[in-house]
Amino acid sequence: QVQLVESGGGLVQPGGSLRLSCAVSGGIFSRYTVSWYRQAPEKQREWISRITTTGFTAYADGVKGRFTISRDDAKKTVYVQMNSLKPEDTAVYYCRIDIGLTTYWGQGTQVTVSS
């Protein structure tokens with residue numbers, strides 16, 4: 001059974017930075033593409049970034065140039081460094097892994113950008 005645990009969220013002022021972590025247990029981490037999503041209040045969950053097993057990265061337009069995704073296979077952890085945060089980045093952030101037809105989500109971590 002694969003489990004994902006996000007951490008690193010919190011309250012930050014506009015223009016500030018946070019680094020989120022997604023720690024994965026179970027399965028074979030090095031074989032997984034890992035994605036980050038977020039869900040703001042009263043909005044649909046949206047994809048923001050992913051990193052493949054070979055380190056290829058992709059970003060949604062709204063975070064490109066501000067967020068950086070990375071992975072440490074030895075620690076079985078994926079990170080997203082979030083810089084120049086804006087109030088509209090306020091959301092619960094989730095990581096996700098798809099294995100075959102099964103989707104695994106973490107419990108999420110809250111990010112609040114406010115002065």
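No hydrogens, no waters, no symmetry mates; every other heavy atom, side chains included, goes into these values.
- Applying the disulfide (SG to SG under 2.5 Å) rule to pairs touching residues 70-115 yields C22-C95, sequence neighbours excluded.
- Contacts of R19 classified as salt bridge (charged side-chain N to carboxylate O under 4.0 Å, His left out), with partners at least two apart in sequence or in another chain: none.
- In this structure a side-chain-to-backbone donor-acceptor pair under 3.5 Å is present from S49 to A58.
- Checked by atom type and distance alone, the side chain of Q13 never pairs as donor or acceptor with a backbone atom of V113 at under 3.5 Å.
- Residues I97 and I51 fall within the same hydrophobic cluster, defined by Ile, Leu, Val, Met, Phe, Trp and Tyr side chains chained together at heavy-atom separations under 4.5 Å.
- Between W36 and F67, the gap from one ring centroid to the other reaches at least 6.0 Å.
- When each of I69, L20, L4 is checked for a side-chain contact (heavy atoms from CB on, under 4.5 Å) with V78, only I69 meets the rule.
- Counted within 6.0 Å of CD on Q44, heavy atoms from surrounding residues, nucleotides or ligands total 12 or fewer; the atom is thus considered open.
- The hydrophobic cluster containing Y104 also contains Y32, counting ILVMFWY residues as joined when their side-chain heavy atoms lie under 4.5 angstrom apart, directly or transitively.
- The closest side-chain heavy-atom distance from S7 to T109 is not below 4.5 Å.
- Geometrically, R71 does not engage Y79 in a cation-pi contact, judged by NZ or CZ lying under 6.0 Å from the ring centre and within 45° of the ring axis.
- Hydrophobic clustering places M82 together with V63 (ILVMFWY residues linked when any side-chain heavy atoms are closer than 4.5 Å, directly or through intermediates).
- A donor and an acceptor atom, one from each side chain of T103 and D98, are located under 3.5 Å apart.
- Between R38 and E46 there is a side-chain heavy-atom pair separated by less than 4.5 Å.
- Ion pairing between D89 and K86 fails under the 4.0 Å rule for side-chain N and carboxylate O.
- Both V34 and V2 belong to a common hydrophobic cluster when Ile, Leu, Val, Met, Phe, Trp and Tyr are linked at side-chain heavy-atom distances under 4.5 angstrom.
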